[in-house]
Enquirer: 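Encoded as structure tokens, here's the structure I'll be asking about.
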Amino acid sequence: MVRRKLFNYEEFAERVRAVVRAIPKGQVMSYGEVATAVGAPRHSRMVARVMTNNYLPDVPCHRIIKSDGSLGGYNRGGVEQKRALLRAEGYTG
DNA sequence: GCGATGACTCAAG
DNA sequence: CCTTGAGCCATCG
């Protein structure tokens with residue numbers, strides 16, 4: 001089976017969702033880490049795009065932060081909310 | 001095809 | 001701490 005299929009945003013998004021959904025409580029991953037986890041270490045920005053445009057309540061997108069520990073952003077109430085969620089889960093940074 | 005944009009990343013000042 | 005600059009790559013007009 002040929003799995004070439006060019007860069008399918010949806011396919012990519014699905015993998016991202018799966019990975020993000022699998023992040024344990026109190027644990028976070030950077031965009032680059034997630035991108036690498038789905039097999040696309042160069043697509044850190046695509047991960048971000050997936051979150052921005054296609055986040056789901058099943059996906060704890062708030063567990064996705066920048067590689068340097070910053071929160072980056074959040075489309076569900078702002079970075080403040082994101083930080084609060086992470087702190088509530090045990091992530092002190 | 002091009003230029004601008006972006007929840008990115010790394011390095012340097 | 002913040003700003004540039006460079007790299008990376010999909011998306012949009």
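Chain letters run A, B, ... following the sequence lines, proteins first and then strands; every chain starts at 1. The analysis underlying the following values was restricted to heavy atoms, covering all of them including side chains, and did not include hydrogens, waters or symmetry mates.
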Enquirer: Atom pairs, N/O to N/O, protein against nucleotides 2-5 of chain C, distance under 3.5 Å?
Expert:
none

Enquirer: Excluding sequence neighbours, so at least two apart, what forms side-chain hydrogen bond (donor to acceptor under 3.5 Å, both in side chains) with His43(A)?
Expert: none
Enquirer: To the nearest 0.5 Å, tell me how far Glu10(A) CD sits from Arg17(A) CZ.
Expert: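 Nearest 0.5 Å value for the CD-CZ distance: 8.0 Å.
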Enquirer: When we call it a touch if two heavy atoms are under 4.0 Å apart, what does Asn75(A) touch: a base, just sugar-phosphate, or nothing?
Expert: base
Enquirer: Distance between the P atoms of dA7(B) and dG13(C), in whole angstroms?
Expert: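 Pairwise P distance, dA7(B) against dG13(C), rounds to 16 Å.
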Enquirer: If you measure from CZ on Arg63(A) to NZ on Lys25(A), what distance do you get to the nearest 0.5 Å?
Expert: 8.5 Å
Enquirer: Would you say Phe12(A) ends up clustered with Ile64(A) if hydrophobic residues are merged whenever their side chains have heavy atoms under 4.5 Å apart, either directly or through other cluster members?
Expert: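 Yes.
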Enquirer: Taking for each residue the nucleotide of DNA chain B bearing the nearest heavy atom, is the 5' side occupied by Ser67(A) or by Gly73(A)?
Expert: Gly73(A)
Enquirer: Could you list who else is in Tyr91(A)'s hydrophobic cluster, with ILVMFWY side chains joined at under 4.5 Å, directly or through other members?
Expert: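 ILVMFWY cluster around Tyr91(A) also holds Val28(A), Ile65(A), Leu71(A), Val79(A), Leu86(A).
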Enquirer: Let me confirm one number: the CG-CE distance from Asn53(A) to Met46(A), rounded to the nearest 0.5 Å.
Expert: 11.0 Å
Enquirer: Of the options Asn75(A), Val16(A), Val34(A), which is the one that meets Met51(A) in a side chain to side chain contact (heavy atoms under 4.5 Å, CB included)?
Expert: Val16(A)
Enquirer: Give the B/S/- string for nucleotides 8-13 of chain C, one per nucleotide from 5' to 3', where a protein heavy atom under 4.0 Å of the base yields B, of only the sugar-phosphate yields S, and otherwise -.
Expert: BBBS--
Enquirer: Should Leu56(A) and Tyr74(A) be regarded as members of a common hydrophobic cluster, given that ILVMFWY residues are connected when their side-chain heavy atoms come within less than 4.5 Å of each other, either directly or indirectly?
Expert: no
Enquirer: In Å and rounded to the nearest 0.5 Å, what is the CD to CZ distance from Gln81(A) to Arg76(A)?
Expert: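 It comes to 9.0 Å.
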Enquirer: What pairs with Asp58(A) under side-chain hydrogen bond (donor to acceptor under 3.5 Å, both in side chains), at least two apart in sequence or on another chain?
Expert: none
Enquirer: Going 5' to 3' along DNA chain B, which are the first and last nucleotides with any atom under 4.0 Å from a heavy atom of chain A?
Expert: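 Using the under 4.0 Å cut-off, the span is dG6(B) to dC10(B).
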